[in-house]
Amino acid sequence: MSSLLETKIAARQHALREQGLLRQRKVLSVDHTLNTNASTSSPRFVFEGRAYVNFSSNDYLGLSRAPELVEALHLGAQTYGVGSGASPLVTGYSDAHLALERELCALTGHEAALLFCSGFSANTALMKTLFDQHDIVVADKLVHASIIDGLQDSGAQLKRFLHNSLESAERLLARHQTSALITESVFSMDGDCAPIAELSALCRQHNAWLIVDDAHGFAVLDGYNNADAAKLIDVQVVTFGKALGCQGASVLGSQALIDFLVSNAREYIYSTALSPANAALALAATQYSTAHPELQQKLLENIALFKRLCREANVPLLGSDTAIQPLIIGDARQTLQVAEELRAAGIWVGAIRPPTVPVGSARLRITLTAAHAAEDIAACVAQLAQVLSRVGVPLVTERQAADDHR
Ligand SMILES: Cc1ncc(COP(=O)(O)O)c(C=O)c1O
């Protein structure tokens, strides 16, 4: 006889499979031909014996394989060993961590920083520690799961405003005595940007903090992302696993906030510290990205090329200007089918389904990086157009015709 938990697990997995929402891992390996074949510089990996061009990573500047950073990690491990050996308040905090914190503060203008092993734990720690049942918090409808989880754990009252709508945010701020407004700089599944300056002005007017999850903007987005960031943003969460190509995260804010988190954030106090080698690596990656603005430029060129080719092929993009280019299909199964057909052509894009995105908005999440070669971007768009029409997903012209009929 099955135990209660076995029955529950089987029933939930069955339901997910039926809805096309079952999640499964895929074992990827390195494409060893990469280093020897200069013409195929695009990010690639091997899955079940076949090589794919990767259009689904967040390694926006292509730094994860940069020889200088491989060397920095190697040197960090030689200097400090491979692990931190303890939580930060025991003996896990070193001069490598301090150097990274200081660099992040210099880059953003914040007074102090606190390092975490991931953006997920940075966000949950911040929300859980900062807020309690006496706080009202206003957040964009599309903020990341880690923010929602942390807020739920905190007991704060959560009010959501319509995605990127200043009017909706202002209505909530006017109606409620709000402690903080939370948004993302670049939205992870839509690729659009929050109006940071305007939200900051609203927050100042209503005496609320502005908290920005900068996971997908840090090191790639201009505008607020400079030594003046702290003038607009009270708390900024940056991550190292996206544009910096490595791992870890930091909360940036006032010295008082960071001291408060050091004494109270359970994720920080009761967890092995980010390894010093990884801190040294993140420092090297931060400095490398600043010293090589041509990488940001190449990324922008690749985004522009992808968008132009999609426009010419009538591939219906969402209108994002960042490295994250979503193509909404709607139905989860059809989204999977399109992604699988692209894979058959050697192109790997993410198929994003609920609950990651709202029901009815399943999508391809295509990401560009500075490392993609123009011919691979062209091949990706050509295959996209072919697969979409084969599977029966309307292209722009057909969508417009349907709209005109309504
Ligand atoms: C907006 C956003 N915030 C936070 C995170 C979590 O960061 P990490 O991957 O470092 O845990 C992610 C990761 O997907 C994200 O997209």
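Ligands are counted one by one from 1 in listed order, and the atoms in each one are counted from 1 as well.
Near N123, meaning under 4.0 Å from one of its heavy atoms, ligand 1 places the atoms 3 (N), 4 (C). If you number the atoms of ligand 1 from 1 as listed, the ones under 4.0 Å from a heavy atom of F120 come out as 6 (C), 7 (O), 8 (P), 11 (O). Close approach of ligand 1 to G119 is summarised as follows: ligand atoms under 4.0 Å from at least one heavy atom of the residue are 6 (C), 7 (O), 8 (P), 10 (O), 11 (O). For ligand 1 and E184, the ligand atoms under 4.0 Å from any heavy atom of the residue are 1 (C). In the vicinity of S188, heavy-atom distances shorter than 4.0 Å reach the ligand 1 atoms 16 (O).
Between Y52 and F47, the angle of the ring planes lies from 30° to 60°, which puts this pair in the tilted group.
Atom CZ of R50 has more than 12 heavy atoms from other residues, nucleotides or ligands within 6.0 Å. Within 6.0 Å of the CD atom in Q19, the count of heavy atoms belonging to other residues, nucleotides or ligands exceeds 12.
For N302 and Y60, the side-chain atoms include no donor-acceptor pair closer than 3.5 Å. For the residue pair R365 and T356, no side-chain donor N or O sits within less than 3.5 Å of a side-chain acceptor on the partner.
Residue A215 has no N or O atom closer than 3.5 Å to an N or O atom of ligand 1. Between H216 and ligand 1, at least one pair of N/O atoms sits closer than 3.5 Å.
Ligand 1 has K242 within reach: a non-hydrogen atom of the residue lies less than 4.0 Å from it.
Among all protein heavy atoms, the one lying closest to atom 5 (C) of ligand 1 is H144 CE1, 3.5 Å.
A salt bridge links R204 to D234: one of the charged nitrogens lies within less than 4.0 Å of a carboxylate oxygen. Residues R171 and E167 are not paired through a salt bridge, judged by the lack of any N-O separation under 4.0 Å between the basic side chain and the carboxylate.
The heavy atom nearest to atom 1 (C) of ligand 1, considering only V143, V238, V237, D213, is found in D213.
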